[in-house]
Engineer: 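Just dropping this structure here.
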Amino acid sequence: MSKVLAIANQKGGVAKTTTAISMGAGLVERGFRVLLMDVDDSGNPSLSKGLGIPEPQRSLTDLMLFRILKRDITGELQDTIVRHAEGMDVLPADHTLPGITDALNGVQDEGRKRSILREITDTVKGNYDYVLLDAAPALNLMSINVLTAADEVIITTQPQGASEAGILELIQAAMQVRANMNPDLIVRGLLITMLDARTNYNKDKAVKLTDGYTEMGMKVFATRIPRAVSAEECVEERISILKYDPKGKVATAYRQFVEEYLHQS
Ligand SMILES: Nc1ncnc2c1ncn2[C@@H]1O[C@H](COP(=O)(O)OP(=O)(O)OP(=O)(O)O)[C@@H](O)[C@H]1O
Ligand SMILES: [Mg+2]
């Protein structure tokens with residue numbers, strides 16, 4: 001059975017994209033069929049760029065416009081989805097995606113306005129075990145589309161005060177979408193990223209985050225992703241950290257995270 005998984009947090013720079021790519025690569029290593037979808041409408045499609053697809057000929061914008069016009073997209077998928085050398089498929093975005101909000105706002109039916117992205121994931125997901133959505137640092141109409149399309153949400157956060165702001169707001173947004181549009185939506189858990197184990201501040205924050213959210217009944221993944229410069233370097237090589245530094249601590253942590261995730265599925 002295929003699963004649509006959103007990696008989200010409206011805070012910027014908390015390793016959403018890195019997690020989507022690394023988790024995707026980790027799931028491919030485990031033999032799963034994976035599609036990474038760049039749904040970042042902030043104008044910075046870093047998943048597509050980070051995987052070497054800078055300005056695709058066809059992108060998510062085209063598919064969303066087709067669906068807004070109620071056109072069948074089945075025949076378009078082959079020209080839009082790209083196979084990455086590491087074995088995952090990628091549905092890229094480009095700089096035109098921010099404009100989709102205007103087009104979505106033009107949709108009269110309130111329900112469809114929020115579920116155009118879901119119409120696309122519903123069309124593609126049969127071909128995959130996991131469809132990972134790399135969300136933008138925003139809480140807007142596109143984010144509502146992301147939450148409506150998703151079966152599960154993973155929230156990434158850095159163990160720093162500023163990164164936590166917004167986690168509750170995102171959980172509330174997910175609860176609202178669950179109540180109104182997507183009754184099966186699950187907030188799967190919180191993943192602590194970019195942990196600098198050398199600083200007590202960072203370590204204390206990670207413990208407080210874990211205790212605080214666990215107490216609220218929220219799953220906090222036991223695996224924490226450490227900070228390492230290799231995670232920045234791999235972006236320039238257009239490959240995942242699992243391929244760039246396979247035995248390094250970040251790749252090891254992401255593999256462990258994938259195992260933890262799979263064991264709880
Ligand atoms: N474990 C890590 N160690 C060091 N640097 C990291 C790590 N994970 C991510 N980074 C770097 O931090 C920056 C932000 O990461 P990323 O782009 O994944 O975050 P994001 O949440 O997707 O950002 P945005 O909100 O802008 O989409 C990038 O330069 C990335 O290479
Ligand atoms: Mg990103």
Side-chain angles (χ1 to χ4, degrees), residues 5-26 36-54 59-60 84 88 90-95 97-98 132-140 142-143 145-147 150 153-167 169-170 173 189-199 202-203 205-206 209 221 223-258 260:
L5 185 50
I7 315 292
N9 188 334
Q10 65 272 43
K11 175 80 176 63
V14 293
K16 295 181 286 295
T17 302
T18 304
T19 298
I21 293 175
S22 309
M23 191 177 181
L36 295 177
M37 275 179 73
D38 193 340
V39 297
D40 185 341
D41 66 336
S42 70
N44 181 22
S46 46
L47 180 122
S48 305
K49 283 192 206 151
L51 290 172
I53 314 160
S59 74
L60 180 61
H84 186 264
M88 51 271 198
V90 183
L91 203 165
D94 65 9
H95 68 280
L97 193 56
L132 304 187
L133 310 179
D134 175 29
L139 204 45
N140 57 15
M142 186 64 170
S143 326
N145 266 265
V146 169
L147 293 171
V153 190
I154 290 175
I155 302 174
T156 61
T157 184
Q158 282 193 57
Q160 280 177 4
S163 301
E164 295 165 37
I167 295 178
E169 213 185 332
L170 176 56
L190 194 63
L191 175 66
I192 296 176
T193 61
M194 290 194 240
L195 173 71
D196 188 345
R198 290 166 310 181
T199 74
N202 239 223
K203 277 197 292 193
K205 263 289 173 199
L209 263 171
F221 290 100
T223 310
R224 295 164 178 174
I225 311 299
R227 180 183 283 279
V229 72
S230 55
E232 292 175 60
E233 291 165 356
C234 69
V235 178
E236 284 170 29
E237 302 296 323
R238 310 284 188 237
I239 54 176
S240 76
I241 186 68
L242 274 70
K243 177 99 178 165
Y244 179 73
D245 185 18
K247 296 203 158 65
K249 60 182 182 179
V250 177
T252 305
Y254 271 116
R255 282 200 191 91
Q256 196 179 320
F257 165 63
V258 167
E260 186 181 357

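Atoms within each ligand, like the ligands themselves, are counted from 1 in listed order.
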Engineer: With a 4.0 Å cut-off on heavy atoms, is V235 touching ligand 1?
Structural biologist: yes

Engineer: Please write down residue, atom name and distance for the protein heavy atom closest to atom 5 (N) of ligand 1.
Structural biologist: E232 CG, 3.6 Å

Engineer: Once you round to the nearest 0.5 Å, how far does CG of L5 lie from CG of D134?
Structural biologist: 11.5 Å

Engineer: Using distance alone, with no hydrogens and no angle criterion, decide if N9 and T156 have a side-chain donor and acceptor under 3.5 Å apart.
Structural biologist: no

Engineer: Which atoms form the tightest heavy-atom contact between A25 and L242, and what is the distance?
Structural biologist: C-CD2, 4.0 Å

Engineer: To the nearest 0.5 Å, tell me how far I7 CD1 sits from L47 CG.
Structural biologist: 10.5 Å

Engineer: Between D38 and S46, what is the shortest heavy-atom contact and its length?
Structural biologist: OD2-N, 4.0 Å

Engineer: Please confirm if an N, O or S atom belonging to T17, backbone or side chain, lies less than 2.8 Å from the Mg ion (ligand 2).
Structural biologist: yes

Engineer: For K243, I'd like to know if atom NZ has over 12 heavy atoms of other residues, nucleotides or ligands within 6.0 Å.
Structural biologist: no

Engineer: Quick one: nearest non-hydrogen protein atom to atom 20 (P) of ligand 1, plus distance?
Structural biologist: K16 N, 3.5 Å

Engineer: Roughly how far, to the nearest 0.5 Å, is CE of M23 from CG of L36?
Structural biologist: 10.5 Å

Engineer: Kindly state if atom 28 (C) of ligand 1 has a protein heavy atom within a strict 4.0 Å cut-off, that is, under 4.0 Å?
Structural biologist: no

Engineer: Answer with yes or no whether the side chains of T199 and D196 bring together a donor and an acceptor at under 3.5 Å.
Structural biologist: no

Engineer: Could a heavy atom of P226 be found less than 4.0 Å from some atom of ligand 1?
Structural biologist: yes

Engineer: Give yes if a backbone or side-chain nitrogen or oxygen of A228 is under 3.5 Å from a nitrogen or oxygen of ligand 1, and no if not.
Structural biologist: yes

Engineer: Can a side-chain donor-acceptor contact be found between S42 and D40 if the only test is distance below 3.5 angstrom?
Structural biologist: yes

Engineer: Based purely on interatomic distance, does Y254 place a nitrogen or oxygen under 3.5 Å from a nitrogen or oxygen of ligand 1?
Structural biologist: no

Engineer: Does a donor on one side chain sit under 3.5 Å from an acceptor on the other, for Y254 and T19?
Structural biologist: yes

Engineer: Should you measure from each heavy atom of G12, which atoms of ligand 1 turn up under 4.0 Å away?
Structural biologist: 25 (O)

Engineer: Based purely on interatomic distance, does V250 place a nitrogen or oxygen under 3.5 Å from a nitrogen or oxygen of ligand 1?
Structural biologist: no

Engineer: To which protein heavy atom is atom 17 (O) of ligand 1 closest, and what is the distance rounded to 0.1 Å?
Structural biologist: T17 CB, 4.0 Å

Engineer: What protein heavy atom lies closest to atom 19 (O) of ligand 1? Include the residue and the distance to one decimal.
Structural biologist: A15 N, 3.0 Å

Engineer: Counting non-hydrogen protein atoms only, what is the nearest one to atom 12 (O) of ligand 1? Give residue, atom name and distance.
Structural biologist: M194 CE, 3.7 Å

Engineer: How close do L51 and M88 get, heavy atom to heavy atom, and via which atoms?
Structural biologist: CD2-CE, 4.3 Å

Engineer: Using heavy-atom distances, let me know which of V14, T18, T157, L47 sits nearest atom 16 (P) of ligand 1.
Structural biologist: T18

Engineer: Tell me whether A231 has any N or O atom under 3.5 angstrom from an N or O of ligand 1.
Structural biologist: yes

Engineer: Which of the atoms of ligand 1 are close to D40, meaning less than 4.0 Å from one of its heavy atoms?
Structural biologist: 27 (O)

Engineer: Is there a polar contact between ligand 1 and G13, counting only N or O atoms under 3.5 Å apart?
Structural biologist: yes

